[in-house]
Amino acid sequence: MQNVYDTLKARGFIENVTDEEAVKALLNEPRVCYTGFDPTGDSLHVGHLLPIMALMHMERAGHKPIALLGGGTAMIGDPSGKTEMRQMITAGTIEANKEAMKKQIGHYLDVEGGKSLVLDNARWLLPLNYIEFLREIGRHFSVNRMLAAEAYKQRLERGLSFIEFNYQILQAFDFLTLYRSHGCLLQMGGNDQWGNILAGEDLVRRLEGKEVHAFTYPLLTTADGKKMGKTEKGAVWLSSEKLSPYEYFQFWRNVEDSQVIKLLKLFTFLPLKEISEMEEWTDSRINKAKERLAYEATVITHGEEEARKALEATKAVFAGAGASNEALPGTEIKEEDLNVRNWDAASFLAELGFSPSKSEAKRLIKQGGVSFNGEKVSDFAMAVTEACFDENKECLIKMGKKTFFKVVLK
RNA sequence: GGAGGGAUGCCCGAGUGGUUAAAGGGGGCAGACUGUAAAUCUGUUGCCAGCCGGCUACGAAGGUUCAAAUCCUUCUCCCUCCA
């Protein structure tokens, strides 16, 4: 079997590595490795997916990944690469976030079966005794060196609070703890974590005299350099409650041309050979590759059933084929409401939540961006009546070029 | 602790009493072009009404004035220099 490091490297997961040969050698046998996740939100989003995919590869290769929830470090806030201090989160929020994230991680990794672990660093960070910790751990950290680190540069100009300055030390301590308790020899993380990760590697060497290793993932950005996974409407959530599988599918379907191959390697398990064949699909054929990406990625997060429905709904609205549009986001309204409310088109969109405000809806309609069942809405004062619904009592609302909603009359 | 500077719409940033819902840029949205791409061009971008108009808004709270983002007072936060 191929060394999982080679797999990860070939698929584009590796940005920085402490010692390539050593890591490979290490991974010739089943090992424990870990990546940290900060429970700063109530759901995982696409930004978390890359580490998760890497852990999935690890698990599949017979290693034992640990997803480490930063329940303790989240109380502090990581200053790396940030320009401003992060808002402090309350302990209660962190607790709730942890639960949610743990559940979601279990969706990707076999936690129940014990092939992977989810741990929480609050367990060892919260009980720490300050003086003891300073004496044992703190003395190994050179302030001079920490200050020289790239990660702090920006913050040195803008101001860095002492609490944040400690983040790196705590993360290093995590690595040490996991080495001691689980024999963990490898830490992975986003490239912005490189400094923190090296600090941990260093600490283990100093205290335990043991070489541990690490590598980082590239930070994914869109072609114009923005963080991937943030849309105007917010993060691309991995929870179907926060983002429907159809919309999730659409997110992947709409990635830029230049990113498709890269994303296929990172976010699907398709064999590299198959992916490299897709590189030939230029011009409009690249849409096939995007569709494949969207489908595979949706399968991983939402399962085959949902992925299939999303694909079908996509075909229904974009290709006009008679496929089922079941997966489309939308809502139901009562027939009597239609008569009682006397909706005009703009209020209709606003009140059903498809448009953030009535003004916005009016603007959109005025600009010719809305159609009901394929028929352009030319006047925002147009009355919404049964005539807007088809024989199945459905109204397919198209807003802009690629946003679809469905309203069903009950 | 002392001295000074600052806080403007999603972001950056102009504006120092009325003509300012607030220049300009970025971003977003829409239209054209396309391949549900990129680039480009055009329009648009607080809310309600859509004919007039009304309301809310320039860190927070008060005040001066016919009239305040612009002046005064207090408060909060941030930055720079000194200790």
Side-chain angles (χ1 to χ4, degrees), chain A residues 79 82-88 154-161 164 221-236 244-264 278-295 297-298 310-321 323 325 327-329 342-351 353-372 374 376-383 396-405:
Chain A
K82 309 239 166 34
T83 48
E84 262 159 57
M85 181 157 170
R86 211 184 250 185
Q87 191 96 44
M88 288 277 218
Q154 252 185 324
R155 292 303 301 275
L156 280 179
E157 277 162 32
R158 304 226 42 178
L160 176 70
S161 72
E164 291 178 285
T221 54
T222 55
D224 47 343
K226 275 183 283 187
K227 254 193 193 158
M228 197 189 96
K230 288 255 160 60
T231 65
E232 302 333 305
K233 283 154 199 133
V236 178
S244 73
Y246 168 80
E247 288 167 287
Y248 186 75
F249 183 101
Q250 285 300 316
F251 165 75
W252 292 104
R253 177 60 186 77
N254 281 306
V255 299
E256 295 155 50
D257 284 12
S258 57
Q259 311 270 309
V260 183
I261 297 298
K262 183 170 96 189
L263 297 177
L264 277 163
M278 294 188 204
E279 286 188 67
E280 309 292 312
W281 302 356
T282 49
D283 300 322
S284 61
R285 279 174 300 162
I286 200 170
N287 287 326
K288 276 274 164 235
K290 289 189 188 180
E291 198 169 281
R292 195 70 202 278
L293 170 66
Y295 179 78
T298 307
L311 178 63
E312 250 181 61
T314 295
K315 288 200 166 131
V317 293
F318 286 100
N325 65 10
L328 280 190
N342 273 326
W343 276 302
D344 58 85
S347 334
F348 190 66
L349 295 179
E351 280 177 41
F354 301 141
S355 181
S357 74
K358 207 168 154 186
S359 292
E360 183 77 42
K362 287 175 177 173
R363 202 174 295 130
L364 197 65
I365 293 170
K366 225 173 356 186
Q367 295 181 126
V370 177
S371 68
F372 287 176
K376 185 167 276 190
V377 179
S378 50
D379 179 8
F380 61 72
M382 182 189 89
L396 182 66
I397 301 175
K398 182 179 183 189
M399 295 171 69
K401 208 154 298 187
K402 44 193 171 188
T403 308
F404 293 88
F405 296 106

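Per chain, numbering begins at 1; letters A, B, ... match sequence-line order.
Base-pair partner of B/rG50: not found among the strands shown (Watson-Crick or G-U wobble, both distances under 3.5 Å). The partner of B/rU80, taking Watson-Crick or G-U wobble pairs whose two distances both stay under 3.5 Å, is B/rA3. The nucleotide B/rU44 finds its pairing partner in B/rG28, both defining distances of the Watson-Crick or G-U wobble pair being shorter than 3.5 Å. In this entry B/rA22 has no Watson-Crick or G-U wobble partner, no candidate having both defining distances under 3.5 Å. Pair assignment for B/rA37 gives none, since no Watson-Crick or G-U wobble pairing has each distance under 3.5 Å. The base-pairing partner of B/rA60, taking Watson-Crick or G-U wobble contacts with both distances under 3.5 Å, is B/rU74.
Across the C1' atoms, B/rA21 and B/rG62 are found 25 Å apart, a figure rounded to whole Å. Taking the C1' atoms as reference points, B/rG4 lies 35 Å from B/rU56, given to the whole Å. A gap of 28 Å separates the C1' atoms of B/rC55 and B/rU73, to the nearest Å. Rounded to whole Å, the separation between the C1' atoms of B/rA69 and B/rU65 comes to 16 Å. B/rC75 and B/rG1: their P atoms are spaced 14 Å apart (whole Å). Going from the C1' atom of B/rA38 to that of B/rG24 covers 27 Å, rounded to whole Å. Taking atom P on both nucleotides, B/rC10 is separated from B/rC48 by 15 Å, rounded to a whole Å. For the C1' atoms, the distance linking B/rU16 with B/rC72 amounts to 14 Å, nearest Å.
Residue order along RNA chain B, read from the 5' end via each residue's closest nucleotide, puts A/G369 first among A/D257 and A/G369. Residue-to-nucleotide proximity on RNA chain B shows that, of A/G368 and A/S347, the 5′-proximal contact is made by A/G368.
Distance A/M399 CE to B/rA30 P: 8 Å, rounded to the nearest Å. Residue A/F404 contributes atom CZ, which lies 8 Å from atom C1' of B/rU36 at whole-angstrom precision. Distance A/E279 CD to B/rA37 P: 22 Å, rounded to the nearest Å. To the nearest angstrom, C1' of B/rC29 lies 17 Å from NZ of A/K362. A straight line from CZ of A/R253 to C1' of B/rA38 spans 14 Å, rounded to a whole angstrom. In this entry the distance linking CE of A/M278 with C1' of B/rG35 reads 17 Å, nearest Å. Between A/D344 atom CG and B/rC48 atom P there is a gap of 12 Å when expressed in whole angstrom units. Note: CD (A/Q259) to P (B/rU36) measures 19 Å, nearest angstrom.
An OP1 or OP2 oxygen of B/rC47 is reached within less than 4.0 angstrom by a side-chain nitrogen or oxygen of A/R363. Between A/K402 and the phosphate of B/rA37, there is a side-chain N or O to OP1/OP2 separation shorter than 4.0 Å.
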Exercise for review: Begin from the C-alpha positions of A/W281 and A/N287 and carry the test side-chain contact (heavy atoms from CB on, under 4.5 Å) through to its verdict.
Suggested key: CA-CA 8 Å; A/W281 302 356; A/N287 287 326; over 6 Å; no
Check your understanding: Could you go step by step and tell me if A/N254 and A/K290 meet the side-chain contact (heavy atoms from CB on, under 4.5 Å) rule?
Key -> CA-CA 7 Å; A/N254 281 306; A/K290 289 189 188 180; over 6 Å; no
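Residues A/S244 and A/E247 have side chains that bring a donor and an acceptor to within less than 3.5 angstrom of each other. Counted by atom type alone, A/S347 and A/K358 present one or more donor-acceptor pairs between their side chains at under 3.5 Å.
When distances run from any side-chain atom of A/K290 to the nucleotides B/rG50, B/rU36, B/rG35, the shortest one goes to B/rG35.
For A/Q367 against B/rG31, a side-chain-to-base donor-acceptor contact under 3.5 Å is absent. With hydrogens and angles left out, the side chain of A/E360 and the base of B/rU45 share no donor-acceptor pair within 3.5 Å. Checked by distance alone, A/K401 brings no side-chain donor or acceptor within 3.5 Å of a matching partner on the base of B/rG31.
Relative ring orientation between A/F354 and A/F405 is described as parallel, the plane-to-plane angle staying below 30° on a 0-90° scale split at 30° and 60°.
With values rounded to the nearest 0.5 angstrom, A/D344 atom CG is found 8.5 Å from A/E351 atom CD.
Looking at A/R363 and A/E360, a side-chain N of the basic residue comes within less than 4.0 Å of a carboxylate O on the acidic one, giving a salt bridge.
A/K366 comes within 4.0 angstrom of a base, heavy atoms only.
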